Structure formats: structure tokens, C-alpha cells
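Just so it is clear, the structure is predicted and the values come from calculations on it, not from any experiment. What you see below is based on every heavy atom in this structure, not just the backbone, and it leaves out hydrogens, waters and symmetry mates.
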Amino acid sequence: MPREARHRDRLVGLFGLGLVLFNPPVLGLFAGATLFGWPLLFVYLFCAWAALTVMVALTVERSRVRSPFEED
């Protein structure tokens, strides 16, 4: 599989993961509880957003770096 296709597939997969993570039924699992005095929903939203952002950044940056030994 070409390298660009793999990165495109990873980004599409991360988009799908984002849809699942921020879906209202999943968000409902974290409503009402607290963690160290913070609403668990806010903690979940921030952590899920940060993790998704890091995964997208790693995928995009990894596609920019080209190995001198890798074929096109």
C-alpha cells in the first residue's frame, strides 16, 4: 500500500474515532460524576480532545518525515 494511502487511512480512522468519542451516548456515560471536584464530563472532553489532537499531529508529522532508505 502506498505511503500516502496509509496516512490518509489513518486520518480517516482518527476522524471516525473522534465521531465515536464525542457522540452524545458516550458523553452521557460521564455525566453527573466528579473527579477531584471537577465534573467528569469536562475532564473526559479535555482528555479525549488532547489525545485526538496528539494522534493527528503524530500522524501528520510522521508523513512529513521521509526516511532516506524508504522507496517512493
Distance from [X] atom [atom1] to [Y] atom [atom2], nearest 0.5 Å?
{"X": "L40", "Y": "L29", "atom1": "CG", "atom2": "CG", "answer": "10.0 Å"}
{"X": "C47", "Y": "L21", "atom1": "SG", "atom2": "CG", "answer": "11.5 Å"}
{"X": "F22", "Y": "L17", "atom1": "CZ", "atom2": "CG", "answer": "8.5 Å"}
{"X": "L58", "Y": "T53", "atom1": "CG", "atom2": "OG1", "answer": "11.0 Å"}

Write down the atom of T59, the atom of H7, and the distance for their closest heavy-atom approach.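 Answer, listing the atom of T59 first, then H7: O-ND1, 3.7 Å.
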Would you call Y44 and V26 a side-chain contact if the rule is heavy atoms closer than 4.5 Å?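 Of all side-chain heavy-atom pairs linking V26 with Y44, at least one is under 4.5 Å.
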For residues L35 and F30: do they belong to one hydrophobic cluster (side chain heavy atoms under 4.5 Å, members Ile, Leu, Val, Met, Phe, Trp, Tyr)?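 Same cluster: L35 reaches F30 through Ile, Leu, Val, Met, Phe, Trp or Tyr contacts under 4.5 Å.
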Please determine whether residues W49 and L11 belong to a single hydrophobic cluster, defined as Ile, Leu, Val, Met, Phe, Trp and Tyr linked transitively by side-chain heavy-atom distances below 4.5 Å.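 Linked within one cluster.
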